[in-house]
Each structure stands twice: as structure tokens, then as C-alpha cells.
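Taking it in order: structure first as C-alpha cells, then the write-up.
Just so it is clear, the structure is predicted and the values come from calculations on it, not from any experiment. In each ligand, atom 1 is the first atom listed, and ligand 1 is the first ligand listed. Note that the numbering runs from 1 along the sequence shown for the chain.
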Amino acid sequence: MANHPLIEKFQKAGQGHVFAFFDQATPAEQRRLLEEAAEIDLGEVARLTQTLLKQGGAAVALDGLAPAPYEPRPEHGGDATAWAEARAAGEAVLRAGRVAAFTVAGGQGTRLGYDGPKGTFPVTPVRAKPLFQVFAEKILAAGRRYGRPLHWFIMTSHANHAATEAFFAEHRFFGLDRGRVHFFRQGRMPAVDFAGRILLETKSSLALSPDGHGGSLRALQRSGALDLMQREGVDTLSYFQVDNPLVRCVDPAFLGWHVRRGSEMSSKMVAKAYAEEKVGVFCAQGGRLTVVEYSDLPAALQRETNAAGGLRYVAGSIAIHVLDREFVRRMAGGGEGVALPFHRADKKIPTIDAAGAPVRPDKPNGVKFELFVFDAVPFARAPLVIETLRADEFSPVKNADGADSPLTCRNDQLRQFVRWLRAEGAAPASDATGLPAFPLEVSPLFGYDEDSFADSWRRLAVKPRIEPGLYLE
Ligand code: UTP
């Protein structure tokens with residue numbers, strides 16, 4: 001086999017098989033494999049193999065676990081004055097240009113099974129706008145409302161970066177100033193088999209996958225995004241996922257709670273729909289706020305009820321956060337005691353066998369390592385959780401059908417449009433769940449929440465007929 005210091009390093013680490021077909025490869029293939037191999041932190045792979053594979057990972061400690069406190073919405077008994085003050089504070093921060101939107105869009109979207117970056121998936125009921133357009137228009141509208149165009153950071157993966165950029169260029173950035181839309185790639189991790197051997201995808205490439213949404217913190221730092229924010233006077237990031245078109249991309253009340261409390265990382269919760277719902281749960285433990293994954297919360301605790309008969313562990317995490325720029329920098333630095341932990345996900349990973357023939361496994365054959373952004377919560381100063389209403393803000397597109405699918409998301413958008421219209425006395429007939437009999441759509445440029453919708457609606461000299469295919473722009 002060819003002599004190369006990197007190959008020797010891999011051999012010493014027990015990963016020499018990565019280069020088993022190196023001598024058969026073309027020079028270009030060899031270069032690519034060496035480049036990929038150079039990205040790998042062999043010490044980290046060995047450490048993760050030891051802790052997550054051989055020792056099976058640390059069990060989640062449950063002693064002293066309690067439900068996390070959160071700020072309930074005024075309609076659920078929260079302090080209406082405090083919410084109004086928070087909102088005013090958030091609007092001031094937006095008017096001062098201190099906020100940027102941040103979308104994590106580096107996932108593989110395997111459950112949806114759509115060929116292309118998930119953000120390009122069409123979701124709206126009449127115009128079939130893609131997810132990215134929905135966010136772009138919300139961000140554009142918020143920029144206009146507060147008199148300061150927002151910067152938008154979008155984290156992609158190696159696999160979808162070029163396609164994402166091309167999509168925005170093709171659609172002229174949906175009306176946004178292209179100088180304020182910033183794409184950067186997240187990091188990758190090698191997949192390993194159950195013995196910790198790095199898997200090859202082909203004879204000359206490694207099985208690499210994105211390092212999880214938690215990789216966003218180090219990617220923001222590495223890409224120079226944090227420095228750019230600093231130069232632009234942005235110190236607050238509004239974080240959301242690419243799959244949830246209902247999200248308020250920038251929410252004044254949420255931003256205001258965050259700033260007024262001096263929080264470094266704030267989160268939104270919705271009340272869990274039922275005990276076993278597969279969402280992480282905000283908990284308190286040893287004076288810290290944490291998110292416990294549903295799979296780590298024992299069934300007895302999931303089902304526990306309070307005096308009023310409601311779920312005790314009720315605060316479901318929906319992956320909407322506000323992050324301080326300097327907190328991200330500190331976490332990304334990964335100094336002693338502040339590193340996010342890796343999680344193990346057993347997956348079916350396309351690979352090759354010892355003879356180099358492709359293998360498409362029908363059951364998990366290896367492990368991917370991922371970082372989760374909510375693991376940063378316990379490291380934050382004054383972390384805060386506020387309530388939001390599921391109907392207003394959470395309907396992700398995860399699966400091709402069934403729960404959290406394009407159909408459920410479309411229906412949730414329709415119900416939201418109906419609620420906004422109803423508040424103005426103009427709702428179409430709808431069924432018991434609030435679903436109208438025909439499709440209609442509100443552009444975020446007309447209204448992206450109840451208030452902005454009401455403002456635009458009241459300005460219309462002539463109100464439109466509420467009829468099938470209505471599109472308000
Ligand atoms: P999901 O947990 O839904 O994962 O990501 P996914 O990869 O998109 O989809 P599946 O599990 O393969 O079906 C939640 C959010 O986090 C982002 C996704 O793009 C989505 O916005 N994400 C996830 C990343 O940006 N990077 C990752 O490595 C993983």
C-alpha cells in the first residue's frame with residue numbers, strides 16, 4: 001500500500017481498512033479519500049467508540065429530576081403585563097438591528113424521503129411555496145415591520161449546500177437582499193460499525209454524515225458567521241428548524257423575555273399532546289435546566305399527573321430557541337466542561353463489503369454520532385422556557401404520511417389562516433377542527449402572525465371574497 005503519513009496514522013489507530021482499496025483508486029479518488037480522512041479526528045472516534053459503543057453510553061441520571069418551570073401564556077394564567085413588556089422589549093431589539101434569523105437545514109430528511117434539500121419542499125396549500133420561501137417572506141416582512149432588514153444564516157450540509165445555494169439564486173432570494181443571506185456548511189462525522197471501525201461508502205469514500213443540529217454551534221464559529229454578526233451589530237440569534245413553516249422566525253415576545261431575563265439560551269415549549277408524545281421534555285435537575293429525550297424519560301414519569309390532573313412533565317421541546325452570540329462562541333470553543341456530548345444513532349448505513357461490493361443493509365449495521373443543540377441549555381446563564389401554542393407555531397414536516405406529514409402541516413396552516421380571518425369576522429365555514437372546506441392561503445408578506453394579519457386586513461379598502469383558492473398577498 002502507498003506510503004502516506006495519514007495512512008499510517010489510520011493504521012496505528014486500527015482504522016487501516018479505510019485504505020484497503022487505495023491502490024486500485026484513480027489519483028483523483030485517492031486525493032478525495034485522503035481529504036476526507038484528514039477531516040477525521042481519530043482520537044474522538046476512539047473515545048466515542050469506547051464510551052457510546054463499548055460502555056453503552058452513560059445512563060441518564062434521574063435523581064432529583066423535576067419538571068422545568070416555564071412562563072405560561074396569558075391565556076393559560078401567565079402574567080399579561082409581563083408578556084406585553086417582553087414584547088415591547090423584543091420590538092426594540094428588532095428595531096435596533098440586533099437580531100438575526102438562523103435556520104438549521106443540514107439534516108438528511110430520510111423520513112420524508114424527498115429528493116432535494118428539505119427547505120425546497122413545497123408546503124403551502126394554494127401556491128405550494130417551498131419551506132425556504134415561507135421563511136424568507138416572514139423574514140422580509142419582519143424586516144419591513146421593524147425598519148431593519150434582518151440577516152439570515154442558513155446551515156447546510158456537504159450533501160445539500162450547492163443545491164440550496166442554487167435554489168436561492170434561481171428564486172432571486174425570494175426578494176431578500178442576497179448580501180444578508182449567509183449559507184455555511186456544518187461539520188461531518190464518520191459512521192462506524194458496531195466495533196467502531198469507520199465505514200466506507202464506496203471503495204474511495206468514507207460514510208460521512210452531518211454532525212447533528214448541535215453541530216451548528218461550532219459551525220457558526222468555524223464559518224466566521226459569529227464574527228460577521230459582531231461586525232454587523234447582531235448579538236442575538238433566533239434559531240429554528242427547516243421543517244416547521246408555522247414558526248415565528250423572529251418573535252418579539254420571545255426575544256423580549258430572553259433579553260429582559262439576561263438569558264443566554266431561551267426555548268419555547270408546547271404542552272405535550274399526550275404522555276408518550278415523542279418530544280424532549282424540559283426538566284430541572286440540580287438547579288439546572290435540561291432537556292430529557294422522550295426515550296430517556298421512564299414511562300411512569302411520562303404519565304405522572306399533577307393535582308389538576310394534567311401531565312406533570314408537560315413541557316415539550318419544539319426546537320425553537322434564542323441564543324446569544326457570545327454564548328455560541330463559548331460553546332463552540334468546546335473548552336473543559338462546556339462541550340456538547342455526542343449521541344449514538346443506530347442506522348442502516350450504505351457501505352461495501354470486504355470485497356468492495358455495495359451493501360444496502362435492511363437493518364441497522366452501524367452507528368452515526370450526532371450533537372443536539374438542546375444539550376447546550378444546561379450550560380447557559382439564566383436559561384428560560386416560555387410557552388407557545390402548538391396551533392400557532394408547531395407543525396413540522398417529518399414523515400411522508402401519517403403524523404407530522406405534508407398533509408397535517410397543510411391542514412394546520414389552513415386552520416391558522418381561518419383563525420386569523422375569524423378574528424376579523426371573515427372566516428369561511430369550517431369543520432369541528434377548524435379546517436375550511438376549501439384551500440386558501442395568506443402570504444407572510446400580508447400577515448405572518450395574528451397582529452400583522454389584522455393590520456393588513458384592516459387596511460384593505462375592499463375586502464376580498466372568501467372563496468376557494470383565495471390568496472392574500
Ligand atoms: P431531524 O431530527 O428531523 O433530522 O432534524 P433530519 O435529518 O432532518 O430528518 P430525518 O431524521 O433524517 O428524517 C431537525 C432539524 O435539524 C436539522 C434538520 O435540517 C432539521 O431542520 N439538522 C439535523 C441539521 O441541520 N443537521 C443535522 O445534522 C441534523
Report task. Starting from atom 16 (O) of ligand 1, locate the nearest protein heavy atom and write down its residue, its atom name and how far away it is, to 0.1 Å. Result -> His213 CD2, 3.5 Å

Query raised in the report: Who are the side-chain contact (heavy atoms from CB on, under 4.5 Å) partners of Asp375, not counting sequence neighbours?
Result: Leu340, Pro341, His343, Phe372

Requested in this report: Could you find the nearest protein heavy atom to atom 26 (N) of ligand 1 and give me its residue, atom name and distance?
Outcome: Gln186 OE1, 2.7 Å

Query raised in the report: Among protein heavy atoms, which sits nearest to atom 14 (C) of ligand 1, and what does the distance come to when rounded to 0.1 Å?
Result: Gln241 OE1, 3.3 Å

Query raised in the report: Does the pair Glu91/Arg87 count as a salt bridge with the N-to-O cut at 4.0 Å?
Result: yes

**Report entry** Identity of the nearest option to atom 9 (O) of ligand 1, non-hydrogen atoms only, from Pro396, Gly119, Gly107, Gly109
**Finding:** Gly109

Report task. Could you see which bit of Pro210 sits under 4.0 Å from ligand 1, with heavy atoms only: side chain, backbone, both or neither? Result -> both

**Report entry** Option with minimal heavy-atom separation from atom 27 (C) of ligand 1, where the choices are Ala319, Gly212, Gly113
**Finding:** Gly212

Query raised in the report: Considering residues at least two apart in sequence or located in another chain, which fulfil the side-chain hydrogen bond (donor to acceptor under 3.5 Å, both in side chains) criterion with Asp449?
Result: Ser452

Report task. Kindly indicate whether a cation-pi arrangement holds for Arg248 with Phe254, taking the cut-offs as under 6.0 Å to the six-membered ring centre and within 45° of the axis. Result -> no

Report task. Look only at the side chain of Lys118 and the backbone of Val397, and say whether a donor-acceptor pair between them is shorter than 3.5 Å. Result -> yes

Query raised in the report: Under 3.5 Å, N or O to N or O, is Lys398 touching ligand 1 that way?
Result: yes

Report summary line: Nearest heavy atom to atom 21 (O) of ligand 1, choosing from Asn244, Val104, Thr110, Asp211, belongs to Val104

**Report entry** Salt bridge Arg261-Glu71, side-chain N to carboxylate O under 4.0 Å
**Finding:** yes

Query raised in the report: When you measure from atom 2 (O) of ligand 1 to each heavy atom in Arg111, Gln108, Arg188, Met155, which option holds the nearest one?
Result: Arg111

Query raised in the report: How far does OG of Ser443 sit from CZ of Arg127, to the nearest 0.5 angstrom?
Result: 8.5 Å

Query raised in the report: Is there at least one pair of N or O atoms, one from Gly106 and one from ligand 1, spaced under 3.5 Å apart?
Result: yes

